[in-house]
There are 2 protein chains.
Amino acid sequence: MHGSATSSSRSFDAFARLPRQHRAAFEKLARRHLRELAPRRDLTREGDRPSAIRLILDGWACRYKQLPDGRRQIVHILLPGDFCDACHFVAERIDHSVGAITRLAYAEIPAAEIETLITQGSELLRTFWRNEMIEAAIAREWTANVGQRTAYERLAHLFCETFLRLAAIGLAEDASCEWPLTQNDLADATGLTAVHVNRTLQELRREGLIELRGRRLALPDPARLRQVAEFSPLYLHLPAETQHLLAFR
Amino acid sequence: MHGSATSSSRSFDAFARLPRQHRAAFEKLARRHLRELAPRRDLTREGDRPSAIRLILDGWACRYKQLPDGRRQIVHILLPGDFCDACHFVAERIDHSVGAITRLAYAEIPAAEIETLITQGSELLRTFWRNEMIEAAIAREWTANVGQRTAYERLAHLFCETFLRLAAIGLAEDASCEWPLTQNDLADATGLTAVHVNRTLQELRREGLIELRGRRLALPDPARLRQVAEFSPLYLHLPAETQHLLAFR
DNA sequence: CGTACGTTTGACGTCCTTCAAGTTGGGTGG
DNA sequence: CCACCCAACTTGAAGGACGTCAAACGTACG
């Protein structure tokens, strides 16, 4: 049972990262612009003109780039509470696609409404800027991940990052979380083939670093996983109070 | 002769990307805060607290991430006119390092001075946001580059991107430009070894796609290079009037 | 209950790495 | 002006991580 559109949305606040004075207004707007999307459908296609700001309320999505010859690279995983096209005011065209991994619930807030909020103070602009900064930071880490680490380390790193991000928004209990990504998705995210991902996952299992079946991931030994991955969470720029989660600090 | 601190700074305007109403003020500030740095020195180290906004006036630098065991990944190349720590207001700690490739001339503008400018209008905030968005876009493209392309395509792509960025700021003539990166740097930027970079460069030369010696790069057949690299410049978000440069549109 | 999708396995090939040894060339000092 | 030096570049041989191809197996869902 992956994140159905309603099951997990109770446990966290998708608006928590917005400036305090805009939260209520934003939530009200969101309620008027709710949308849903089936798994494996595209939210955004490369070349689209941004026309609204979308906030993911429930489910997983991914940013990906597709080369002309079909090779696909997932470059970011979007989780509940993430903005998905916050570049409305600063880009003419979107340079990548966004695809739903699970069933998705999101709010699609028209540009004009955001514009109004922005005129009331620069906090929102800073929030979007900060969002963009964090995405850039994660993208840089992914470049390093794919460029420098072995398959084994690469997968370990992806598990660390995603698990910690989930934990930070309250979507992980004890040491386990949902895991809707297929081995194909993992391959596209790590620059490997599905076959090699499969063999490497088996190795991670054999070493007692992950348990993974039935769309669910557990991390029996987070400290060692983190060490294997050479994972350091600084680049996620998580709020201080979430830094202590599990062995991840 | 790479970009010495003064040689090439005449030909372009480092402040061109700033909002019109702030350009003059910015330039004045910059003149009061000029700095230089020797090649191969670090401008910023991972973990630093951002304390000023730096604008590169002349020379090349790079953002890079270093794993605990020494492996290094260059994740972005910084050229004249680029901001180097525009994250002052949105990050507690910097999550990567910035190193000078050539001798560097830059302006280091204290945070407080920027803060003053920002209170005069939201244009500057949007500019920084847009900057961050473009860096994120480039970082995503690099992830795809390292994750999906072969060594041959990867290097071709890096040449396309960097050449076009240089051309867009007037630092490329006919079809050639400075090229201060060593084969070691290229290796760190592409996730390859220096040995394999060397062999792959020879192949690119043999195919008539690049000429590279004495810190200078020429692209005899940009259209074919672009095709080999599957390069599409959308993600650079260059102003429309630069899109036509050479065969790159 | 069948079908489609995801996962697993095996054999084999290759792109890229590793290691180790030259060679070239720009810069510096005698 | 030549000798020297060091970094950058080049070359070869051998090995390994990961890719490709093809088939079989498991499992969720209509």
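All chains are named by letter (A, B, ...) in the order of the sequence lines, taking the proteins before the strands, and each is independently numbered beginning at 1.
Side-chain atoms of A:Arg199 and base atoms of C:dG10 include a donor and an acceptor less than 3.5 Å apart. In this model, no side-chain donor or acceptor of A:Arg215 finds a partner on the base of D:dT27 within 3.5 Å.
Within the nucleic acid shown, B:Ala151 comes within 4.0 Å of sugar-phosphate atoms alone, with no base atom in reach, counting heavy atoms only. Residue B:Thr150 is classed as a sugar-phosphate contact, given heavy-atom separations below 4.0 Å to backbone atoms only.
The residues A:Arg71 and A:Asp188 are annotated as not salt-bridged, no charged nitrogen and carboxylate oxygen being separated by less than 4.0 angstrom.
The nearest heavy atom of DNA chain D to B:Gln202 and to A:Val195 marks one nucleotide each, and the one closer to the 5' end goes with B:Gln202. Taking for each of B:Arg205 and A:Leu192 the nucleotide of DNA chain D with the nearest heavy atom, the 5'-most of the two is the partner of B:Arg205.
Note: CG (A:Leu186) to C1' (D:dC18) measures 16 Å, nearest angstrom. Look at NE2 on A:His196: it is 15 Å from P on C:dC16, rounded to the nearest Å. Rounded to whole Å, atom P of C:dG25 lies 11 Å from atom CZ of B:Arg213. Atoms CD (A:Glu203) and C1' (D:dA17) sit 11 Å apart, rounded to a whole Å. Whole-Å rounding puts the B:Tyr152 OH to C:dC16 P distance at 13 Å. One interatomic measurement links the two molecules: CG of A:Leu181 to C1' of C:dT7, which rounds to 15 Å at whole-angstrom precision. If you take CG of A:Leu201 and P of C:dT8, they are 7 Å apart, rounded to a whole angstrom. The nearest whole Å value for the distance from the CG atom in A:Asp188 to the C1' atom in D:dG19 is 14 Å.
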### Task
In sequence, state the C-alpha distance, the side-chain angles, and the governing distance for B:Glu173 and B:Arg216, and then conclude on salt bridge (Lys or Arg N to Asp or Glu O under 4.0 Å).
CA-CA 12 Å; B:Glu173 309 108 36; B:Arg216 194 137 193 106; 3.4 Å; yes
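Between B:Gln183 and the phosphate of D:dA7, there is no side-chain N or O to OP1/OP2 separation shorter than 4.0 Å. Using a 4.0 Å cut-off, no side-chain N or O of B:Asn198 falls inside it from OP1 or OP2 of D:dC9.
Looking only at side-chain heavy atoms (C-beta outward), A:Trp179 and A:Thr162 come within less than 4.5 Å of each other.
A donor-acceptor pair shorter than 3.5 Å cannot be found between the side chains of B:Glu36 and B:Tyr106.
The environment of B:Arg45 atom CZ is sparse: at most 12 non-hydrogen atoms of other residues, nucleotides or ligands sit within 6.0 angstrom.
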